[in-house]
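See structure below.
What's counted below: heavy atoms across the whole structure, side chains too, no hydrogens, waters or symmetry copies.
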Amino acid sequence: MTDDGPDSSSRKPGLAAIALFGVLAAVVLGSASGFSDPATGFPAGESIIHNIGYALFDIDLGEIPSEGFLAAFLIIAIALDVALDSAVYLAKQEDEGTIVSALTDGGQDIVDGDVAATDETDETNRGGDR
Amino acid sequence: MVTAFDYVPAIVLLPFVSFVVALFLGKYLPKKGAYGGIAATAGSLLLSIWVLLAVRSGSAHQETYWTWAEGVGAQPFTLEFGALIDPLSALMLVIVTLIATLVHVFSLGYMNDEGERDLPRYYAGLGLFTASMLGFVIADNLLMAFMFFELVGLCSFLLIGFHFRQEGPPSAAKKAFLVTRFGDYFFLVGVVAVFATFGTAAFSGAESFPALAESAINGTTEGINTFGFEPTTWFTIVGLLVLGGVIGKSAQFPLHTWLPDAMEGPTPVSALIHAATMVAAGVYLVARMYGFYVLTPTTMGIIALVGGFTALFAATMGIVKEELKQVLAYSTISQYGYMMLALGSGGYVAAVFHLTTHAFFKALLFLGAGSVIIAMHHNENMWDMGGLKNKMPVTYWTFLAGSLALAGIFPFAGFWSKDEILYEALIHAGSEPLLFAGYAMGLLAVPVTAFYTFRMVFLTFHGNARSEIARNPEPVRWNVKGPLSVLGVLAAVTGVINMVPVQKVLGLEGIDYLHRWLDNEWGGIEGLSSHHYAEIGPYSSTYPFGTEVATVLAGAAISLALALVGLGLAWKLYNVAEPVEHTAKLGGAKELLYNNYYQDEFQVWLANRTRGVSGNADTFDQGVVDGVVNGVSSVSLVSGDRIKRIQTGVVGNYALLLTLSLTALLVAFAILGGWF
Amino acid sequence: MVPPEYYLLLSSGLFCIGLFGILTRRNALYFLMSVELMLNAANINLVAFSFYWGNLTGQTFALFAIALAAAEVAVGIGIILALYRNFGDVDVMQAATMRW
């Protein structure tokens, strides 16, 4: 494991980040007068959590203006699923391409060795609805 | 309503399709694409005849098919492809397609039956050659004409060099290409000059460049840029520039040297080049833009002089040649000289007439020569022939008809057209003495032509056979005899279309069909009639023998008598059982003629003199042009090699680069946008 | 009421701290954490301007960004595992084989 002490990595590139902060800060402060004060804010007495809930499922009950996010909600659900699966896939991969699964596999016997190779050689297992 | 004019593009495209088919599928086809070529050119011929009949029934046609470039600005040029069908181009279409069809048929006998290899390439070349010439004929503007002109040149290169495995043909092809290219260089400059001057290159209509030039001469120079010259002076310069291309293509002095060498190509190709396509293109171009040339007397004088001189000059070289096709080559140069003489002396109709008759009899002579060459197992030396008359009667009689036409013997086609050319030169010589020189040279060429033509006929067909092959010539088949017969008849009777002398002497009205045809009597486009050309032309007619009839008769009698003198001399010298060479009697002139007046040597000498210039051009090309190109490539190679090193693969470096770039971008935007 | 430029300053500060981590650290896990910081800098802006304009879209969007960050971390951890497996280390500077 990398010892991430002060000696092991140079601090010099960090200057770039500090410079970027300087520029950003200058820009922000320079344009501060452009903001209208006071801000619009949210109406008092409204539950923001409820309104977010309505916005997520496209329910037109909220008092605070917002857009509908149902489609985005569904897509992000799929994206999270894909991310989880891919994370598991990446984590499972071992050196010789064998699968050393940390997860249960639905009660079947864990195939020992190369899955693909087993399928190739075992004629009786080929095809069908296993 | 479908008219013949809707099919004009098909006339060009049919041979083109045959080219494509022969090129890609030729080796799978029976006869290697010959039938496709015959079908395509025959189809074009039928369509051309239909177009001719449509023009005959009183219509003409001008249509733009495709505007492929449009300029911007105050005076935009448009570059277009279009068709111009008037009596002249309709007539030319029929001639070209007819000759092309017959040449294709003849090729069956000359190429297929002789077992030549690479036939698909041959038929592809013929198809493209025909297509480009047809495209040139229907062109309705100078630029399109130029493009097809160049295509014609390219095809002649490909076909002359057909037997590229031998030594001679590739060199001849290169020579033909380079010499005509030299002329075309001037043509190209001329095309640009026409665009720069008139803003258009159209041949016909009120906005065409001949029409604009005409009004400029009359004082209305609006919209015309003559670059500070007098209109007449400038038009002379432009006309001479375009004429450069004509002189190269139509093999006029001094750019005629490629044509005799072009005999290295297969004989049917020679027939096509000489009769209908390549060489005819030059003369046709002058006829096409005749309305421009007649405006400038100087150009006309130069055309006439060059033509007359070439007619005589080439004819003298023809009398000593030993090879059948060489004689015909020089006769071609000479005959095109006549056409140029006619154009230069205001005989527009006479030139087109001679172009027509010459196309028939010269194609006939070449195909006849091809037949003889088949029979002689590709030996072309006339001193090895002799006595073929009885063994090849069809070839003999058709060849004889062609020779009589070439020599200008009454009543064969050549007599009428050549007589009219000389007549036009004679009656116009009164207003322009230069034409008298042209007339004299043209007249002098008549007996020479008759002499070398019949020297050729007698050596080939008469007397005793002088070699074993000539005693037992190889027989030729129908596909050789058929085209010969068609052309033989045409060579004998084509004169009927324009019997002006008969009309004038006997007072029969209306038998000068070609005059009436080109005068838009049946149909045509305003401003492109022979009548119009005569009106704006610089010449007036005078009759040196008193009345018109007397002049006609005297002119015809003189030229016929001279032709008969030449024929008689050839008869006396060569129509004997065992003819011998008489060239020794020429004395010092013999070597001169054998070496074609040392024209080739002169051009080589000239080329060597200019070696310094071309060496510099080469240095410039190698050093600067290639240097820039190579420099660009090495700069990108080296910089690519350097710049790729920022792709270190270390993610921290990428992040750093991103950060720095973002910072720089923000600073730049902030400064430019005044965010601070 | 906090003026909006302070939110911006806060978020750019957070962003630059994350960036600093990325630029100076070699451990891939620190990388992931730094990336999280940068993502949340963006979230601060979303929430701040959601309030500023009185519109909930920004807040909702911040939720999505958090969910995406979770996905990203899942993949990122997987990549780190693969990195460890292939290079025997989680030092990002050693994995420099994908270059010219």
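Closest heavy-atom contact between C:G54 and A:P65: O-CG, 3.4 Å. Of all non-hydrogen atoms in C:L23 and A:G14, the two that sit nearest each other are CB-N, 4.2 Å.
Separating the CG atom in C:L9 from the CZ atom in A:F21 is a distance of 5.5 Å, to the nearest 0.5 Å.
Within the 4.5 angstrom heavy-atom criterion, only side-chain atoms of A:I18, from C-beta onward, approach chain C. Contact of A:I52 with chain C is made through backbone and side chain together, with heavy-atom distances under 4.5 Å. For C:Y6, no part sits under 4.5 Å from any heavy atom of chain A, backbone or side chain.
Residue with the most contacts toward chain A among C:G78, C:G18, C:G21: C:G78 (heavy-atom pairs, distance under 4.5 Å). Your options are C:F15, C:F20, C:F49, and the one with the most heavy-atom pairs under 4.5 Å with chain A is C:F20.
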Identify each donor-acceptor pair in which a side-chain atom of residues 56-75 of chain C lies under 3.5 Å from a protein atom, sequence neighbours left out, and give them as a table.
| residue | atom | partner | partner atom | Å |
| --- | --- | --- | --- | --- |
| C:T57 | OG1 | A:E67 | N | 3.3 |
| C:T57 | OG1 | C:N55 | OD1 | 2.8 |
| C:T60 | OG1 | C:L56 | O | 2.9 |

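The side-chain heavy atoms of C:L8 and A:L24, taken from C-beta on, include no pair separated by under 4.5 Å.
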